[in-house]
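The structure under discussion appears below in the form of structure tokens.
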Amino acid sequence: MRMYDVIKKKRDGKKLTDEEIRWFIDSYVKGEIPDYQVSALLMAIYFQGMDLEETAALTMAVRDSGDRLDFSDVNGIRVDKHSTGGVGDKTSLIVAPIVATLGVKVAKMSGRGLGHTGGTVDKLESIPGFRTDLDKKEFIDVVNKTGIAIVGQSAELAPADKLLYALRDVTATVESMPLIVSSIMGKKLAADDDCIVLDVKTGSGSFMKTVEDSKTLASLMVDIGKKAGKKMLALITDMDRPLGNNIGNTLEVVEAINTLNGNGPKDLTEICIVLAANMLCLAGKGSYEECEAKVKGVIEDKSALKTFAEMVKAQGGDERCIYNTDLFKKAKYSHEVLSREEGYIHSVDTEGYGLSALVLGAGRNTKEDVIDYSAGIILSKKTGDYVLKGDVIATLYSDDLNKFFESENRLIKATTINPEKPVYRPIILGKVE
Ligand code: URA
């Protein structure tokens, strides 16, 4: 087989066979195809798309490009939740301990931040001592002991995705439906979970900008997961504004702890209750209403917070921080961003907010960049709020005073204020079963 022919076929809008797709993935992982040819194929896929069969074949080829995990030593039903990525999205830190408290195991592999979006692994590593590099035995022991463990993705899991993602990131081919599906589901299917709940984000802070596209993406992932024998469900949720008020690693962990304490922001609390209830429902723990009541119960009696603290301790972290968030390292400097106009916050470019936090040190520009865990933003005003000129919209945090100028400019530029009250958009926008 020749890569030239595979590229030409897709460029001309023809359907690739299972054999061609597997050959291209296997050869690329072995280092037998250069990046420039793979880049050309990615661009052809971006423009020509792939049908369900091709997308499924690509997903299975990505899944099979490395190790498959075996969680048979984990006692009990296992459920995972995966978000397509957003700004201020700390839901995994909240829903995982909630469902674990209610008897469903969560053996979770998470990613690091990418571009303007944050990553669960970076957030957890802001807890002093927390280890995300457990070996397989430690990982399973922690899951069996506390009901939950969250680690980074091992290099052996779906290596094709690592290679393809890095290439997509620099060739403007991230926002391609079949490429996103195969990236997410390739990794998820290499893990050994019984049920998967997908949180498909939609809006200015996500890779899918419209609800229609997000629904199509969700349906594709649900179909492919079901074909592979998983119980699947997807929620379409809003990412036209950051989730919660805090953006940045330590700040997001603190907001997650507040939410597990029953003091979280309304949007974050609502989405976590719905996600957790759906995870429990899918795992066979009762009707949606029963599961929702159980979720609210373990927030109210603080038992989910206790599970989170147990996981933190079992993974080497300082659990005292969970009960006293003042123990987290604070940023050296803070800076208030004042509104320059009066009116409603009509809309925000959520990606711009993510980049504003990244500039402060909360994310990476290159893989080698070191994160400043205490850097980030606390929003005082969000979409729909009325602001007067001079009102504090947000407070920026960083160890480097010089970062505030660019970060503030990005935040102001990303905020549209006008006299018209925006139409309210709910946080949960759809469900695909
Ligand atoms: N998350 C992934 O893991 N892959 C994508 O392509 C997009 C979001």
Side-chain angles (χ1 to χ4, degrees), residues 21 25 28 38-39 41-43 45-46 49-50 54-56 58-63 65-66 69 80-92 108-123 132 150-191 193 196-210 213-222 224-225 228 230 232 234-237 239 243 350-351 354 358 363-364 367:
I21 291 170
I25 289 292
Y28 186 43
V38 177
S39 303
L41 180 61
L42 292 176
M43 193 55 85
I45 294 172
Y46 179 92
M50 280 181 144
E54 288 174 292
T55 308
L58 185 59
T59 304
M60 301 315 166
V62 170
R63 176 196 68 184
S65 65
L69 296 178
D80 195 4
K81 173 242 134 199
H82 187 88
S83 152
T84 55
V87 178
D89 182 0
K90 66 283 286 171
T91 52
S92 290
K108 190 159 177 51
M109 293 221 164
S110 288
R112 296 195 179 276
L114 187 87
H116 69 280
T117 66
T120 302
V121 164
D122 294 327
K123 291 170 205 191
T132 57
I150 306 181
V151 297
Q153 219 146 289
S154 78
E156 294 79 35
L157 190 100
D161 178 59
K162 258 177 219 95
L163 294 171
L164 288 177
Y165 206 105
L167 212 50
R168 288 166 61 207
D169 209 18
V170 291
T171 55
T173 49
V174 170
E175 296 95 340
S176 153
M177 204 89 74
L179 296 180
I180 295 177
V181 171
S182 55
S183 165
I184 293 178
M185 293 308 293
K187 286 181 292 225
K188 291 290 122 186
L189 298 181
D193 293 297
I196 304 171
V197 171
L198 299 167
D199 179 6
V200 180
K201 301 284 181 203
T202 190
S204 61
S206 74
F207 296 124
M208 290 292 123
K209 307 294 181 201
T210 68
D213 280 352
S214 299
K215 280 195 175 149
T216 310
L217 177 69
S219 303
L220 275 169
M221 292 199 283
V222 165
I224 287 174
K230 308 285 179 190
M232 299 288 305
L235 293 172
I236 317 293
T237 70
M239 195 27 79
L243 191 50
T350 312
E351 183 171 343
L358 190 145
R364 299 179 187 82
K367 275 195 292 186

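Counting starts at 1 for both ligands and their atoms, in listed order.
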First locate atom NZ of K188, then atom CG of L198, and finally report the distance between them rounded to the nearest 0.5 Å.
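It is 8.5 Å, given to the nearest 0.5 Å.
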Please confirm whether [X] comes within less than 3.5 Å of ligand 1 when only nitrogen or oxygen atoms on both sides are compared.
X: H82; result: no
X: K187; result: yes
X: Y165; result: no

Set of residues satisfying side chain to side chain contact (heavy atoms under 4.5 Å, CB included) with respect to A228, sequence neighbours excluded:
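Counting only residues at least two positions away or on another chain, A228 forms a side chain to side chain contact (heavy atoms under 4.5 Å, CB included) with M60, L189.
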I need the atoms of ligand 1 closer than 4.0 Å to a non-hydrogen atom of [X], numbered in the order shown.
X: R168; value: 6 (O)
X: S183; value: 2 (C), 3 (O), 4 (N), 5 (C), 6 (O)
X: T84; value: 8 (C)

If we count only N and O atoms by modelled type, under 3.5 Å, do the side chains of K81 and S92 hold a donor and an acceptor together?
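Yes, a side-chain donor-acceptor pair sits under 3.5 Å.
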Give the contacting part of D161 toward ligand 1: side chain, backbone, both or neither, where contact means a heavy-atom distance below 4.0 Å.
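Near ligand 1, D161 shows nothing, with every heavy atom at 4.0 Å or more.
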Using the side chain to side chain contact (heavy atoms under 4.5 Å, CB included) rule, take T202 and D213 through it: C-alpha gap first, then chi angles, then the decisive distance, then the call.
CA-CA 8 Å; T202 190; D213 280 352; over 6 Å; no
With sequence neighbours left out, write down each residue that passes side-chain hydrogen bond (donor to acceptor under 3.5 Å, both in side chains) with T171, or none if nothing qualifies.
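Scan of T171 (side-chain hydrogen bond (donor to acceptor under 3.5 Å, both in side chains), adjacent residues dropped) gives T173.
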If we only count heavy atoms from C-beta on, is the E54 to I45 side-chain gap below 4.5 Å?
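With C-beta onward as the side chain, the pair stays apart.
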